[in-house]
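What follows is a set of notes on a single structure, which appears directly below.
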Amino acid sequence: MSLVGNNRIIDPFEREIDYLRVSVTDRCDFRCVYCMSENMTFLPKNDLLTLEELDRLCSVFISCGIKRIRLTGGEPLVRKNLMWFISRLSGYVDSGHLDEITLTTNGSQLMKYAEDLAKNNIKRINVSLDTLNEELFSKITRWGNLPKVLDGIKVAQKAGIKIKINTVALKNINDKEIPKIIEWAHNGGMDITVIETMPMGDIDGDRTEHYLPLSGLRSTLEEKYTLNDIPYKTGGPARYVEIKETGGVLGFITPLSHNFCESCNRIRVTCTGTLYMCLGQEDAADLLTPIRQGADDNSIKNVIYEAISRKPKGHDFIIDRKHNKPSISRFMSVTGG
Ligand code: SAM
Ligand code: SF4
């Protein structure tokens with residue numbers, strides 16, 4: 001394998017692309033109401049990149065200039081033998097070719113895998129958690145079990161992994177509870193980010209009903225807490241504040257009400273080897289076909305460079321009463337959040 005160091009990818013808007021999100025599976029052991037329908041049809045196994053193909057593809061991305069990789073899904077930890085792939089990525093961290101590997105998970109498998117993750121250079125993870133109420137958790141995730149997730153978080157913290165909680169803000173579902181979740185996270189030494197719902201994939205229901213603009217949530221929180229804007233950066237699209245009363249960090253991801261695209265440094269590859277330059281656009285490049293046709297590293301690199309030369313300036317998400325159908329038809333679990 002030829003790994004050329006010091007390469008950089010600069011897109012047409014002078015943004016350096018050094019962050020790759022890799023969706024390792026479209027499957028999941030939860031069925032969160034805003035993410036999936038209850039009866040999902042998953043992709044045939046043969047359409048998915050094998051772990052060896054994922055490893056090869058990541059090595060090519062790293063040789064292009066990717067410095068950070070986040071694994072996501074679907075639920076990444078339900079992919080069989082994922083730890084083999086993670087140990088391969090860990091080798092790139094050891095050799096200095098990669099700065100960081102992170103993971104976004106629903107937490108259901110953390111009890112089982114947290115120690116292995118820690119041993120393989122995963123130092124921080126995002127755990128998605130929308131409520132601390134067991135009954136509501138079962139309703140939102142349909143198939144999830146809250147105590148298992150909370151125990152998994154403890155095991156991960158014990159293994160030395162720093163945790164950030166991701167909470168999707170859902171009007172009339174968990175909005176009243178968000179201050180409590182923030183305090184719980186901060187008391188447990190975790191940062192937390194709240195996320196607006198994004199119109200992706202056809203779910204069983206109307207999204208406008210539960211869309212909560214975070215500007216309103218921020219005003220509500222300001223009645224209770226002192227929020228100080230801070231220039232904290234994690235390589236993601238969140239804007240951060242520090243809450244004086246808890247001493248913890250709170251992030252806001254507002255893809256719909258605030259355009260975060262100007263500093264976008266990321267690209268995404270799906271579990272089927274499709275490269276998306278933007279979460280909110282349909283334009284994509286197929287990497288599976290060249291890989292399966294035996295293309296060499298340079299040819300794959302050329303496909304990647306050509307695709308990034310088409311990275312758009314921003315997304316086109318809209319969610320309102322007139323546009324209550326998904327503006328992007330693929331599910332978040334396919335592209336990875
Ligand atoms: N299964 C993992 C998890 O839940 O963390 C990783 C994949 S999940 C698709 C990644 C993130 O996307 C989660 O934090 C989830 O809450 C969020 N998400 C899923 N569908 C969404 C939607 N329509 N709008 C906003 N966030 C969404
Ligand atoms: Fe699964 Fe994550 Fe989607 Fe929930 S948000 S259904 S845990 S992929």
Side-chain angles (χ1 to χ4, degrees), residues 21-40 42-43 70-79 82 102-110 113 124-131 137-146 148-149 152-153 156 163-171 173-174 178 181 185 191-214 236-238 251-257 260 266 268 270-271 276 279-280 315 317-319 324-337:
R21 294 176 81 107
V22 181
S23 175
V24 296
T25 178
D26 63 328
R27 288 162 170 74
C28 188
D29 52 348
F30 289 6
R31 291 288 181 278
C32 301
V33 289
Y34 48 77
C35 178
M36 293 193 181
S37 67
E38 182 137 35
N39 300 308
M40 288 291 284
F42 293 110
L43 298 162
R70 177 174 292 275
L71 303 180
T72 177
E75 174 46 41
L77 295 178
V78 303
R79 173 101 195 225
L82 184 76
T102 54
L103 178 88
T104 300
T105 174
N106 64 23
S108 67
Q109 308 294 314
L110 277 178
Y113 292 118
R124 58 184 188 105
I125 61 175
N126 291 353
V127 180
S128 304
L129 189 110
D130 304 325
T131 175
F137 188 87
S138 304
K139 273 194 189 139
I140 295 176
T141 62
R142 291 196 186 101
W143 296 0
N145 175 296
L146 179 65
K148 216 171 143 188
V149 172
I153 289 176
I163 293 183
K164 191 184 80 171
I165 300 296
N166 277 346
T167 302
V168 176
L170 300 159
K171 189 162 82 183
I173 297 186
N174 70 350
I178 288 178
I181 305 173
D191 292 344
I192 174 166
T193 293
V194 279
I195 309 173
E196 275 174 359
T197 46
M198 294 179 228
M200 297 188 69
D202 235 328
I203 51 165
D204 325 310
D206 177 0
R207 278 179 214 275
T208 53
E209 214 184 307
H210 299 300
Y211 171 58
L212 180 73
L214 294 191
F252 295 94
I253 298 191
T254 55
L256 305 175
S257 59
F260 58 58
R266 60 187 52 201
R268 300 177 146 81
T270 67
C271 50
Y276 283 98
L279 184 62
H315 65 65
F317 285 131
I318 311 172
I319 195 170
N324 62 6
K325 280 277 140 203
S327 64
I328 293 294
S329 59
R330 65 184 186 271
F331 283 95
M332 181 80 101
S333 51
V334 172
T335 328

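The first residue of the sequence shown is numbered 1, and numbering continues consecutively from there. Read the numbers this way: they start at 1 and go in the same order the structure lists the ligands and their atoms.
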Exercise. Cut-off 3.5 Å, side chains only: do Asn106 and Ser108 have a donor facing an acceptor?
Worked result: yes

For this session: Would you tell me whether Glu75 and Thr25 have side-chain atoms, one donor and one acceptor, within less than 3.5 Å of each other?
Result: no

For this session: Could you tell me whether atom 1 (Fe) of ligand 2 has an N, O or S atom of Cys28 under 2.8 Å away?
Result: yes

Problem set entry | Ile163 CD1 to Arg124 CZ distance, which is reported to the nearest 0.5 Å | 12.5 Å

Problem set entry | Gap separating the CD1 atom of Ile195 from the CG atom of Leu214, nearest 0.5 angstrom | 9.0 Å

Near [X], which atoms of ligand 1 are under 4.0 Å from a heavy atom of that residue?
{"X": "Val168", "answer": "16 (O), 26 (N)"}
{"X": "Cys35", "answer": "19 (C), 20 (N)"}
{"X": "Thr105", "answer": "2 (C), 3 (C), 5 (O)"}
{"X": "Gly74", "answer": "1 (N), 2 (C), 6 (C), 7 (C)"}
{"X": "Gly73", "answer": "7 (C), 9 (C)"}

Exercise. Which atoms from ligand 2 have a heavy atom of Phe30 less than 4.0 Å away?
Worked result: 6 (S), 7 (S)

Seminar exercise, completed: Here the pair of heavy atoms bringing Ala238 nearest to Gly251 is CB-CA, 4.4 Å

Problem set entry | Non-hydrogen atoms of Tyr113 and Leu77 that approach each other most closely | CE1-O, 3.6 Å

Polar contact flag for [X] and ligand 1 (N/O pairs, less than 3.5 Å):
{"X": "Thr72", "result": "no"}
{"X": "Thr197", "result": "no"}
{"X": "Ser128", "result": "yes"}

For this session: Please determine if atom 4 (Fe) of ligand 2 has an N/O/S atom from Cys35 lying under 2.8 Å away.
Result: no

Exercise. Evaluating non-hydrogen atoms only, which member of Pro76, Gly107, Gly74, Ser108 is closest to atom 8 (S) of ligand 2?
Worked result: Gly74

For this session: Kindly say whether Leu43 contributes a backbone atom to a donor-acceptor pair with the side chain of Asp26 at under 3.5 angstrom?
Result: yes

Exercise. With sequence neighbours excluded, what pairs up with Ser128 under the side-chain contact (heavy atoms from CB on, under 4.5 Å) test?
Worked result: Thr104, Asn166

